[in-house]
Amino acid sequence: MIQFLQNLIDAIALGSIYALVALGVGLLFGILRLINFAHGDFITIGAYALIVPSADVTARLLIGGWPWPVMIPMICLIVVIVALLADALVFRPLRRATSPTLMIASFAVSYIIQNGVLMAYGSRPKAVDLWSGANTQVLIGDLRVPMLQLITLAVTLVLMTALTLFLKRTAYGVQMRAAAEDFRMAQYLGVRGNVVIGIAFAISGILAGVVSLLYTTQSGSLSHTMGVPLALFAFVAVVVGGMGSLVGAVVGGFAIGLIVTMLQAYLPPELRAFRDAFAFGFVILMLLVRPAGLVPARSTFERV
Amino acid sequence: MGALVEVDGIHVRYGDLVALRDVSLSVAEGEVVCIIGPNGAGKSTALTAIAGGVAPYAGDIRVGGVSVLGLRPEQVARLGLSLVPEGRHIFGTLTVEENLRIGGYIQGDRAAAKADMERLLALFPRLAERLRYPAGRLSGGEQQMLAVARAVMTRPRLLLVDEPSLGLAPRIIDQIYEILLDLRQRAALTLLINEQSSNRILKHADRIYVLRGGRVQLEGPAADLRDGEAIRHAYFGFGEAPVAPLDAPA
Ligand SMILES: Nc1ncnc2c1ncn2[C@@H]1O[C@H](COP(=O)(O)OP(=O)(O)OP(=O)(O)O)[C@@H](O)[C@H]1O
Ligand SMILES: [Mg+2]
């Protein structure tokens, strides 16, 4: 029982990360119909901004060495700038393009970022120790929970609440929900399309920045493709949750976290190497049963 | 006195399909002008073009003397023009109140927008009762009212209304026209309205354009067209030779 609870907590922590990534992806999909493959690379950029650019194997901390009240906003700011640049240079000129064109453009952005990182930092993965206290165990009853998992969960809850309040209570939030539902109509009413899209990119940048910190702290290593599997699982989460629903993206993220963790824990050892194959098998099953996803939505921001 | 809107010989096409050919029309400050025409005549295309939703490939559109070609819809909206599109395009997952607020943001003055909303809600008691409802749950008539109220929240000088009667019961249509004409007085609105049929509009409009096949077939003061013969002629194209035989092989 304790073991199961322990696994459950692992699942929730992993699911939180996927949920945050899926939110960033879902937000842009909702408003732009953009499936942003570069989101994972936004995360990579946030992670590499922590260290001094060089091809050395041992990483020296740059921003990562700053006190966290400065470091966290700084990393988020850098990722936000990258996200806004991607919009201004690539996606804005393609405003009238179809969804597949946008997706292919995002592949291009993804490769450019990966190669940029490769040039500045070299191709070898690097070890970073961002915070050695991360694995301190906190005792909750009989459960031993790593500090980092608690923080991940708390951060996820805070970000989701903040995003919900933003979308519900602020002028730009309401405009964003309207634009996601009917972009052209929102424009007819004077909503500035490019501003709203820019804000969506900025929010997705903040989410990616936070994930880069949580993920790097946990994994302790950097590579120029580190964001790719995160983005991949996030896309699966978005599809499982229900394409075009933010609540769905979150639910999907947690569902994927749960599936992956439980397979890791309970698959016979000789099958564990195929964990992801089983996970995706599950996803296909889920989609056969509920083709519209777990939370099929008429609008991206419904019931957020 | 210059025209509020001048459409000057515009041509619009969607891919290979030419939707408007050399269409000119104008609306003066304070007028109620109606465009009527059958299905596919190009009425919606004309209003959409004025609102910046589709770009003509020839001709010019001026609002208050300024060309709006190349402007985005949100920029045209800032010139004091608001479109109530065909099919209403309510934000169904937003509440009624949020739908109205969207219209008000353009003013950049919260207090003024709030005051506008309160004044408007006095005219729309049905909406006032349902402020916190998701707008998608309103009836068709209520949604049409909301679409009109939302457009008026932008404080337009010119309201473009595309087939306000679409799919509504006659009693509701009467109410909507009553409100449009009432708003015209209160908010000093100029109205450009699309309709498929001329029944109601002949009573209310100052001037009428009949559109068919993407061309203006007839225009004139409503008072001169009341007997209906000229309109029927322009609308259906009877008497124009050669007319394709109706019983042509399908
Ligand atoms: N977005 C579009 N893409 C392609 N063709 C379009 C589009 N919108 C309209 N059309 C075509 O342009 C022509 C004019 O359409 P429009 O909607 O302006 O007519 P309408 O007079 O408003 O008709 P209705 O009374 O049915 O609303 C039609 O042949 C229509 O099929
Ligand atoms: Mg139409």
Side-chain angles (χ1 to χ4, degrees), chain A residues 26-27 29-32 91-98 164-200 242-249 292 295-304, chain B residues 47-48 50-55 71-95 97-110 113-114 132 134-137 143 146-156 159-162:
Chain A
L27 203 60
F29 179 78
I31 199 154
L32 264 187
F91 298 113
R92 187 175 295 194
L94 294 174
R95 278 295 185 261
R96 285 161 194 275
T98 58
T164 306
L165 288 177
F166 167 76
L167 290 170
K168 281 279 184 202
R169 299 285 167 80
T170 70
Y172 278 119
V174 176
Q175 292 182 59
M176 194 174 284
R177 283 156 60 215
E181 187 170 332
D182 190 335
F183 195 81
R184 184 36 70 82
M185 187 64 230
Q187 284 184 301
Y188 284 138
L189 292 165
V191 172
R192 293 183 202 269
N194 284 335
V195 173
V196 171
I197 289 172
I199 294 174
M243 206 74 181
S245 150
L246 287 190
V247 177
V295 188
R298 281 173 299 138
S299 156
T300 317
F301 300 99
E302 193 175 16
R303 286 184 290 131
V304 170
Chain B
L47 290 201
T48 315
I50 296 173
V54 58
L71 296 189
R72 289 190 295 273
E74 66 256 43
Q75 295 170 316
V76 179
R78 285 180 166 71
L79 296 174
L81 187 154
S82 200
L83 172 69
V84 182
E86 185 173 273
R88 323 194 228 287
H89 288 253
I90 287 301
F91 303 115
T93 60
L94 272 59
T95 65
E97 187 180 3
E98 286 169 338
N99 269 274
L100 292 171
R101 265 166 46 198
I102 294 280
Y105 290 136
I106 199 172
Q107 292 184 39
D109 178 345
R110 262 162 202 264
K114 204 165 152 46
R132 311 241 171 257
R137 296 228 304 262
Q143 290 194 6
L146 177 58
V148 170
R150 183 180 64 177
V152 172
M153 281 295 293
T154 67
R155 287 211 177 170
L159 196 63
L160 309 169
V161 194
D162 199 347

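Here is how names work: the chains are called A, B, and so on, in the same order as the sequence lines, proteins then strands, and each is numbered from 1.
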Check the surroundings of atom CZ in B:R110: do more than 12 heavy atoms from other residues, nucleotides or ligands lie under 6.0 Å from it? no
Name, in order of residue number, those residues of residues 188-198 of chain A that have a heavy atom at a distance of less than 4.5 Å from a heavy atom in chain B; otherwise write 'none'. A:Y188, A:L189, A:G190, A:V191, A:R192, A:G193, A:N194
A:F166 atom CZ: more than 12 heavy-atom contacts under 6.0 Å: yes
Quick one: what part of B:R150 sits under 4.5 Å from any heavy atom of chain A, side chain, backbone, both or neither? both
Point-to-point distance, once rounded to the nearest 0.5 Å, from CD1 of B:I106 to CD of A:Q175: 9.5 Å
dist A:M185:CE -> B:R88:CZ (nearest 0.5 Å) comes out at 12.5 Å
Under a 4.5 Å cutoff for heavy-atom pairs, which residue among B:R78, B:Q75, B:H89 has the most contacts with chain A? B:R78
Does the side chain of B:F91 come within less than 4.5 Å of A:R177's, by heavy atoms? no
Which one of B:T154, B:L81, B:L94, B:I90 has the most heavy-atom pairs closer than 4.5 Å to chain A? B:L94
Flag, side chain of A:E181 to backbone of B:G92, donor-acceptor distance under 3.5 Å: yes
